[in-house]
A.B. asks: 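Take a look at the following structure, please.
Owing to the predicted nature of the structure, the values given are computational and were not obtained by experimental measurement. A, B, ... follow the sequence lines: proteins, then strands. Residue 1 opens every chain.
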Amino acid sequence: MIKKTSIRRFFADNVVVIIFLVLTAAATPVSGLSAGYIVQEILTRIGRNSFLVFSLILPVMAGMGLNFGMVLGAMAGEIGLIFAVDWNIIGVPGLIFANLVGLPIAIFLGWLCGEVLNRARGREMVTGFILGFFMDGIYQFVVLYLMGSVIPMRSAAITLSRGYGIRNTLNLDSVRQSLDDLLMVKLFGINLPIATYLIIILLCVFIIWFRKTKLGQDMRAIGQDQIVSNASGIPVARTRVIAIIISTILAMVGQIIFLQNMGNMATYNAHRQTGFFAVAAILVGGASVTKATIPNVFIGVVLLHLMYIVMPRAGAQLFGSAQIGEYFRDAFSYGAIALALVLHAWRKMRGVEIDRAGLRQGVASAAPLEAIEPIKEDTL
Amino acid sequence: MSAPLPALRSTPKRRLIVRGLLVAAYLTLALIVFIFGRGHTLLLDNKTAADGSYTGFRTLSVSVNGGAPLQLALRERDKALVVGQRHTVRFEANGQVYEASFKLPFGEDIILVSLPKLAAGVEPFWEPFRSEPIPRAAPVEEELPSLDNPPPIGG
């Protein structure tokens, strides 16, 4: 009986991961792709995307849910890259320059986002999501109208022919895969971007270390109960703002790593899906709105991207159209987000019910019989 | 329980110093990256002067900063991407080897390096290259950035 319950519990806890595993396991042989190709693609995409997904861990730890406001950091990274390309700063120095330009912007946007989210407690995710749309409008105004007119731009190659505004697509040749190529190792015919992996490992070490610091412990306490944390002297609002600032900075760095690997940038669209992708990845990896760990990130990136790689080919093989596979993968990515949110709400409600039932039982067993009897009589 | 040492105690003054040092490190790093990471395009030219003061080579092999050699025929031009300001050009023509080092101006993106000029000892053998914008006959309607159709998620 206990075994049956634990299996059910395991299934309920990992339903998103299991669905993705089943889907990809079914689609992989149908796709007809070779194992070598899939492994190469997965390893490339781990390097490209993991950093972005890691940016979600700290806000979850601080009880702020999944930070859809991470697109603000992505925008900061893109502005940094625009300036790196404009000044023709090449290779890894170009990436460092982009980070240095993006850093103050990310800190400011993170602070702004944190302050707004502190005024929308309990509704952080939807607020962050809408804040991303709001900031997208500001970003477009800055990049489309201010750059080249108010903000001086040197390179005619990246500005629109009217003299101001940045072109639709930015060629990132000057920094293209400069981090990946810095320490590329070929093993059994598979390219491994070691430098990118080292940065990701450093970030993992940082997160593990950060959890043990005073600030990290404060965040965990706030994530569990804000009222108790406040009563015990933890500056709740300030700590939550710091969590969002760090998340925004990590999203900025992640977007720069992502774009240097891609080699070009859709100036007005590149950041739009960043939040969705990262949230989908971490949820597919088994995280929830209240709990996210480092393994969740890696499992999520591998599973989500495995589906991205095999689904279009599987669609082409089964239905004669890769487009159908693309529909599937988009539907399942968004479906994963919806399912995880519904499951979270359901678990929360079930938890409340269990707590309430436990409390009733506790009251019933703890209260002396004579104390209960008069109440019964009164009510009758 | 003993009180923390005065030197380790976080005071406003100490905090100010740490923040100041962080800002200084940030600015220094930005400056270093900005100066030493800036790229320039070298146009390596093998053309004869219009006034005949120097003549191009039939063929030559040129390398920049010890990089892979480029082959240039007469009246040909090739480009090399370089980072930083100080560079060395080395080329071989008619069995002779020529080499010169030079420092590029920071603000220039494209530099024209005339190899026949270098061989003839004409200084300076390089000059900033600025192409004149060609006036358009009629204003071309450029498509404004599309805000629709974002790329598929995950890239």
Side-chain angles (χ1 to χ4, degrees), chain A residues 45 48-49 84 87-101 103-104 136-137 140 143-144 154-157 160-162 165-169 173-175 258-259 261-262 266-278 280-281 301 304-305 307-308 326 329-330 333-334, chain B residues 10 19 22-42 64-65 67 79-85 87 104-111 128-155:
Chain A
R45 284 161 186 250
R48 185 197 294 166
N49 295 287
W87 279 94
N88 199 24
I89 300 173
I90 290 175
V92 175
L95 295 181
I96 297 171
F97 185 77
N99 277 295
L100 291 172
V101 171
L103 185 67
D136 186 37
Q140 278 163 27
V143 176
L144 196 52
R154 297 181 66 258
S155 172
L160 292 164
S161 60
R162 66 184 185 190
I166 305 297
R167 286 180 190 273
N168 248 336
T169 307
D173 267 351
S174 56
V175 293
F258 175 82
L259 290 172
N261 181 274
M262 298 295 280
T267 314
Y268 300 94
N269 292 323
H271 53 268
R272 285 189 159 189
Q273 302 287 354
T274 306
F276 264 128
F277 155 72
V301 171
L304 194 70
H305 280 283
M307 195 182 74
Y308 281 1
E326 302 240 359
R329 76 175 191 182
D330 277 6
S333 307
Y334 293 119
Chain B
S10 178
R19 284 179 186 175
L22 279 175
V23 171
Y26 171 85
L27 292 175
T28 311
L29 185 62
L31 205 67
I32 289 170
V33 167
F34 190 63
I35 292 170
F36 295 105
R38 181 144 158 67
H40 305 268
T41 303
L42 294 186
V64 180
N65 299 328
K79 69 173 184 178
L81 199 65
V82 292
V83 180
Q85 282 181 276
H87 304 285
L104 301 177
F106 180 77
E108 297 295 342
D109 287 330
I110 308 173
I111 304 289
F129 181 87
R130 294 187 193 108
S131 57
E132 290 295 319
I134 302 160
R136 286 178 176 166
V140 177
E141 278 300 316
E142 190 172 20
E143 195 188 341
L144 275 175
S146 159
L147 305 180
D148 302 323
N149 302 323
I153 63 176

A.B. asks: Using every non-hydrogen atom in the two residues, find where B:A30 and A:F97 come nearest and quote the distance to one decimal.
C.D. replies: O-CD1, 4.4 Å
A.B. asks: Is there any residue in residues 31-41 of chain B with a non-hydrogen atom under 4.5 Å from a non-hydrogen atom of chain A, and which ones are they?
C.D. replies: B:V33, B:F34, B:G37, B:R38, B:G39, B:H40
A.B. asks: A:V101 versus chain B, heavy atoms under 4.5 Å apart: side chain, backbone, both or neither?
C.D. replies: backbone
A.B. asks: Could you state the interatomic distance from CG (B:D109) to CG (A:N88), rounded to the nearest 0.5 Å?
C.D. replies: 6.0 Å
